[in-house]
Amino acid sequence: MRINACIAPEIMITGASGFLGSALLTELIRSGVAVYGFGSHLESLPFDIRTSPNLLWMADRISGTSLAVVPKSVRIIFHAAGSGSVVRS
């Protein structure tokens, strides 16, 4: 994914393709903020978001090893990743 070379994102969102993460990501990108999006389903995002030069997509599931590669420019992490399931009673 492309990123604006003049902007080093200071924000990272985990679970960026999920319900909460994608809503936050969409608002930030549409406001002109550069963001690292960390998720597994880039194709689920709106076209203008997934092709934005202000988005750097990190396609992976969250783990201890994947978080070791968080860029030094990141100052804020919104952790919206999770694993959900519904238990039938």
Side-chain angles (χ1 to χ4, degrees):
M1 186 59 54
R2 296 180 315 270
I3 187 165
N4 188 332
C6 299
I7 302 172
E10 294 185 345
I11 297 175
M12 184 174 112
I13 302 173
T14 66
S17 57
F19 181 71
L20 293 175
S22 65
L24 177 59
L25 178 74
T26 297
E27 288 300 314
L28 289 170
I29 294 291
R30 288 184 177 157
S31 296
V33 178
V35 178
Y36 286 102
F38 209 109
S40 55
H41 300 288
L42 177 63
E43 70 281 355
S44 69
L45 298 174
F47 181 79
D48 67 317
I49 301 304
R50 67 178 182 253
T51 58
S52 171
N54 286 338
L55 174 63
L56 179 61
W57 190 254
M58 302 165 128
D60 199 358
R61 294 200 172 270
I62 279 297
S63 69
T65 55
S66 59
L67 286 177
V69 299
V70 173
K72 296 206 182 295
S73 65
V74 171
R75 301 284 180 248
I76 301 168
I77 298 176
F78 290 99
H79 182 42
S83 178
S85 64
V86 177
V87 178
R88 291 187 169 201
S89 54

*What's the shortest heavy-atom distance between Arg30 and Pro46, and which atoms?*
NH2-CB, 3.9 Å
*asked:* Between Leu20 and Leu24, is there shared hydrophobic-cluster membership here, with clusters defined by ILVMFWY side-chain heavy atoms closer than 4.5 Å?
replied: no
*Mind checking whether Asn54 and Leu28 have side chains closer than 4.5 Å, heavy atoms only?*
no
*Please confirm whether the backbone N or O of Leu45 pairs with a side-chain atom of Arg50, one donor and one acceptor, at under 3.5 Å?*
yes
_Nearest atoms (heavy-atom pairs only) where Ser40 meets Ser17_ = N-OG, 3.5 Å
*Write down the atom of Ala16, the atom of Trp57, and the distance for their closest heavy-atom approach.*
CB-CZ3, 3.7 Å
_Closer than 3.5 angstrom, by distance alone: can the side chain of Thr14 be matched with the main-chain N or O of Ala80 as a donor-acceptor pair?_
yes
*Quick one: do Leu56 and Val35 satisfy side chain to side chain contact (heavy atoms under 4.5 Å, CB included)? Show the steps, please.*
CA-CA 6 Å; Leu56 179 61; Val35 178; over 6 Å; no
*asked:* Quick check on the hydrophobic clustering: are Phe19 and Phe78 connected, directly or via other members, by side-chain heavy-atom contacts under 4.5 Å?
replied: no
*How far apart are the closest heavy atoms of Leu25 and Ile49, and which atoms are they?*
CD2-CG2, 4.0 Å
*Search all heavy atoms of Leu55 against all heavy atoms of Gly37 and return the closest pair with its distance.*
CD1-N, 3.8 Å
*Sidechain-backbone polar pair: Ser31 side chain, Val33 backbone, donor-acceptor under 3.5 Å*: no
*In sequence, state the C-alpha distance, the side-chain angles, and the governing distance for Met58 and Tyr36, and then conclude on side chain to side chain contact (heavy atoms under 4.5 Å, CB included).*
CA-CA 7 Å; Met58 302 165 128; Tyr36 286 102; 4.1 Å; yes
*Should Ile29 and Asp48 be marked as a side chain to side chain contact (heavy atoms under 4.5 Å, CB included) after you check the CA-CA gap, both sets of side-chain angles, and the distance that decides it?*
CA-CA 9 Å; Ile29 294 291; Asp48 67 317; over 6 Å; no
